[in-house]
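Down below is the structure, laid out as structure tokens.
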Amino acid sequence: MNAELTSLMGGSQSMSTWDYDCFYASVFEAENPALKSLPLAVQQKQIVVTCNYEARRRGLRKLQLIKEAKRICPDVVIMLGEDLTKFRDASKELHAFLKKNTWGNRVEKLGFDELLNRHDLQNSFFQLDKFDPTVGFAFDASTFCGPTYPAEPCPSVKEDGEQLWFSSLDVGLRLGSHLANYLRHQLEQHTPYTATVGISTSKLLAKLVGNLNKPRLQTTLRPPYSATDDGQGGNVASFLGQHEIGKIPGIGFKMAHRIRTHILGREPNLDVYEGLAEEDNVSVDVVRSFPGMGPVKLDEIFRGGGWPKDIGTKVWGLLNGVDDTEVAVGKAFPSQISIEDSYSQVDNLQSVRNELLPLTRKLLRRMHADLTEDEEGEELTTGHATVQAGRHLPVKRKKRWLGCPRTLRLSTRSRPPSLPDVGHQLHSNRISKSCPMPRFVFSFSETVEALAERLVEDTIVPLFRRLHPDKSGYKLSLINIAATNMMECAGSENSGVGQDIGAMFRNQGPRPTQFSNLPAVCSHRVTESHFDNQHHGLKHVVDGEVDQTRGDAAVLEWTSDEDGESENSATPHDECTICGAFIPWFAVQAHSIYHSVQT
DNA sequence: CTGGGGTCCT
DNA sequence: AGGACCC
């Protein structure tokens with residue numbers, strides 16, 4: 001796709017972050033809907049890792065001690081969530097759900113409960129059939145859908161009904177807000193989950209603005225983003241400026257501490273349990289306007305910390321709302337798999353062995369679940385999926401590895417000497433040793449049980465001896481086993497059709513004349529069969545049928561002097577003569593076809 | 001007096 | 001191998 005055209009259409013300017021509401025708690029509620037009306041907390045060891053909104057109403061919080069939660073809310077229902085299998089499975093489903101509704105596979109995962117979705121507005125928002133939402137949806141581009149920040153438009157941008165165009169940024173974000181709303185409703189219709197969404201132009205801004213209206217809502221960061229000529233500061237600066245410095249994604253505990261120390265001229269309180277003291281809060285605004293502050297000063301503040309070399313520039317960018325990182329393409333398999341458990345105390349080799357065995361079994365099961373597929377291309381969930389009882393003979397399905405970890409890593413964390421010295425939280429205490437992953441673990445003929453025993457004795461115990469050469473004297477509070485250094489296995493057919501139809505489309509045919517034939521209409525999600533290689537373009541899809549009569553209808557005037565990157569470049573739009581909706585120019589034909597197929 | 005995961009960079 | 005960051 002021509003970058004300027006993409007930008008003109010608002011395509012590259014809109015993305016959303018998806019945050020599943022109290023995710024672990026929702027997984028339990030999906031299993032047992034009776035839990036929805038009760039205060040529900042999910043426990044890992046001594047901690048409430050998350051809780052539902054009924055529990056929050058009664059004062060429970062994430063990362064609260066179980067003791068405290070029980071004291072505050074004696075009738076809290078507590079579910080154990082140390083085994084992440086069901087959460088990971090739900091996370092995969094939700095990732096798949098958004099991917100199948102998104103062009104270009106541009107859905108990036110962040111943890112189990114967060115997704116980043118780069119919008120493709122050329123292909124995503126047309127309503128073809130009001131009885132079949134899978135081929136599009138209706139919208140009215142004269143408004144943002146859902147809450148915005150700020151809630152009302154700035155006076156200088158206020159619509160007066162006479163305005164004939166909005167900035168391309170404005171159009172892109174309006175469409176993004178309608179697309180996100182549509183997808184949220186699809187999510188709620190087809191899955192037991194709800195999400196909170198943020199819509200903006202970058203991961204940074206979309207993530208932060210998404211926090212404003214939780215749960216089950218969405219927020220769009222309104223234009224103008226930059227300062228305008230008439231002296232109005234842009235919404236990016238006013239929005240970002242209020243945030244505490246440590247709340248900015250990319251500025252973690254260590255960098256935030258360094259910055260606060262520099263601004264305050266003293267050490268802030270480090271108490272991890274109490275949180276940051278009010279008087280130690282430092283806002284983005286204060287940092288940005290601090291005398292001498294800039295990329296060079298930030299580099300100086302971070303000196304000696306081991307951060308990447310351009311960290312000052314990167315952080316200065318974040319403070320000013322600049323985040324150029326792309327939404328990554330969704331990966332077929334993770335680049336690392338690890339299993340860990342924590343303990344009160346493990347201090348001899350026999351107990352180490354006892355803990356290692358179940359961890360290793362889990363690791364091998366995860367490798368089979370996440371790194372293999374069967375011959376038909378359907379993913380298997382366990383190594384034993386094919387030997388179910390039943391009237392069939394066990395179907396001997398041939399499995400193969402999609403990705404292979406080349407390295408095995410064993411990590412431990414030692415219990416810190418019991419002095420509650422302030423500041424020892426700052427270093428992690430983890431140490432590790434690695435070795436090549438033995439080939440035998442990739443066998444499909446041996447059982448996981450047998451492989452695990454062999455792996456522990458042959459490989460992991462020797463690693464442990466390297467890690468802790470002293471026979472005793474260790475007091476482990478955590479053991480982690482990881483399969484890392486993942487290599488893609490040969491033969492995976494990840495290139496081509498189905499992975500990124502949009503990319504194929506982009507690389508075909510002459511440009512920009514190709515866009516003369518670009519149908520302004522296509523299904524919200526176009527499947528492979530709708531893709532017509534012969535004609536170097538997409539056919540129109542109406543009620544699931546292919547309509548080849550419109551291919552040359554949309555003639556698009558292409559002017560190369562349009563500045564597609566500027567927020568002020570005009571995107572013309574029109575008012576529909578039938579329903580009066582505001583429609584951007586590139587969607588006008590789609591909209592008229594929508595009316596023509598209505599009965 | 002913290003969970004069980006992940007990513008990327010040096 | 002470790003250390004920052006993310007959820």
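Sequence lines set the chain letters: A, B, ... in the order given, protein chains first and strands last, and positions in each chain run from 1. Bear in mind that the values here come from a model prediction, so they are computed numbers and not experimental data.
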Could you please spell out the steps behind the side chain to side chain contact (heavy atoms under 4.5 Å, CB included) verdict for A/K247 and A/N211?
CA-CA 11 Å; A/K247 292 285 205 299; A/N211 292 331; over 6 Å; no

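The A/S432 side chain lies nearest to C/dA1 when the options are C/dA1, B/dG3, B/dG5. Listed nucleotides C/dC5, B/dG5, C/dG2 differ in distance to A/F253; the shortest reach to its side chain belongs to C/dC5. Checking B/dG4, C/dC7, C/dG3 against the side-chain heavy atoms of A/L84 singles out B/dG4 as nearest. Proximity note for A/K254 (side chain, C-beta onward) versus B/dG6, C/dC5, B/dG4: the nearest is C/dC5. Closest to the A/L65 side chain, of the nucleotides C/dG2, B/dC1, C/dC7, is B/dC1.
Side-chain atoms of A/T17 come within 3.5 Å of backbone N or O of A/A206 as a donor-acceptor pair.
Straight-line distance from the OH atom of A/Y343 to the P atom of B/dG3: 12 Å, rounded to whole Å. The nearest whole Å value for the distance from the CG atom in A/L110 to the P atom in C/dC5 is 15 Å. One atom, CG of A/L116, and another, C1' of B/dG6, lie 14 Å apart when rounded to the nearest Å. If you take CG of A/D19 and C1' of C/dC6, they are 12 Å apart, rounded to a whole angstrom. We find that NZ of A/K67 is positioned 12 Å from P of B/dT2, with the value rounded to whole Å. As rounded to whole Å, 10 Å separates atom C1' of B/dG4 from atom CZ of A/R366. The distance between atom CZ of A/F23 and atom P of B/dG5, rounded to the nearest whole Å, is 14 Å. Between A/L63 atom CG and B/dG5 atom P the separation is 16 Å, expressed in whole Å.
At the heavy-atom level, A/E114 lies under 4.0 Å from the strands shown only through sugar-phosphate atoms. Residue contacts shown for A/L359 are absent, as no nucleic acid heavy atom lies under 4.0 Å away. Within the 4.0 angstrom heavy-atom criterion, only backbone atoms of the sugar-phosphate kind lie near A/E82; the bases stay farther away. Across all strands shown, A/G81 has no heavy atoms under 4.0 Å from either base or sugar-phosphate atoms. Using a 4.0 Å heavy-atom cutoff across all strands shown, A/K62 reaches no nucleic acid atom at all.
No more than 12 heavy-atom neighbours from other residues, nucleotides or ligands sit within 6.0 angstrom of CZ on A/R406. The environment of CZ in A/R439 is sparse: at most 12 heavy-atom neighbours from other residues, nucleotides or ligands sit within 6.0 Å. By the 6.0 Å contact criterion, CD on A/Q46 is open, its count of non-hydrogen atoms from other residues, nucleotides or ligands being 12 or less. With a 6.0 Å radius and a threshold of 12 heavy atoms from other residues, nucleotides or ligands, A/K314 has its NZ atom at or below the threshold. Annotation: A/K70, atom NZ; neighbour count of heavy atoms from other residues, nucleotides and ligands within 6.0 Å does not exceed 12.
Only the C1' atoms considered, C/dC7 is 15 Å distant from B/dT2, to the nearest whole Å.
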Tabulate protein N/O versus nucleotide N/O from nucleotides 7-10 of chain B, keeping only pairs under 3.5 Å, one per line.
residue : atom : partner : partner atom : Å
B/dT7   : OP1  : A/S335  : N            : 3.1
B/dT7   : OP1  : A/S335  : OG           : 2.8
B/dT7   : OP2  : A/S335  : OG           : 3.2
B/dT7   : OP2  : A/Q336  : N            : 3.4

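Side-chain nitrogen and oxygen atoms of A/S342 include none within less than 4.0 Å of the OP1 or OP2 phosphate oxygen of B/dT2. In this structure, A/K207 reaches the C/dC7 phosphate: one of its side-chain N or O atoms is under 4.0 Å from OP1 or OP2. OP1 or OP2 of C/dA4 has not a single side-chain nitrogen or oxygen of A/R258 nearer than 4.0 Å. Under 4.0 angstrom from either OP1 or OP2 of C/dG2 there lies no side-chain N or O belonging to A/R409. A sub-4.0 Å separation between OP1 or OP2 of B/dG4 and a side-chain N or O of A/K45 is present.
A donor and an acceptor atom, one from each side chain of A/S91 and A/Y20, are nowhere located under 3.5 Å apart.
In this view, A/H185 satisfies the ring pair (Phe, Tyr, Trp, His ring centres under 6.0 Å) rule with no residue, not counting sequence neighbours.
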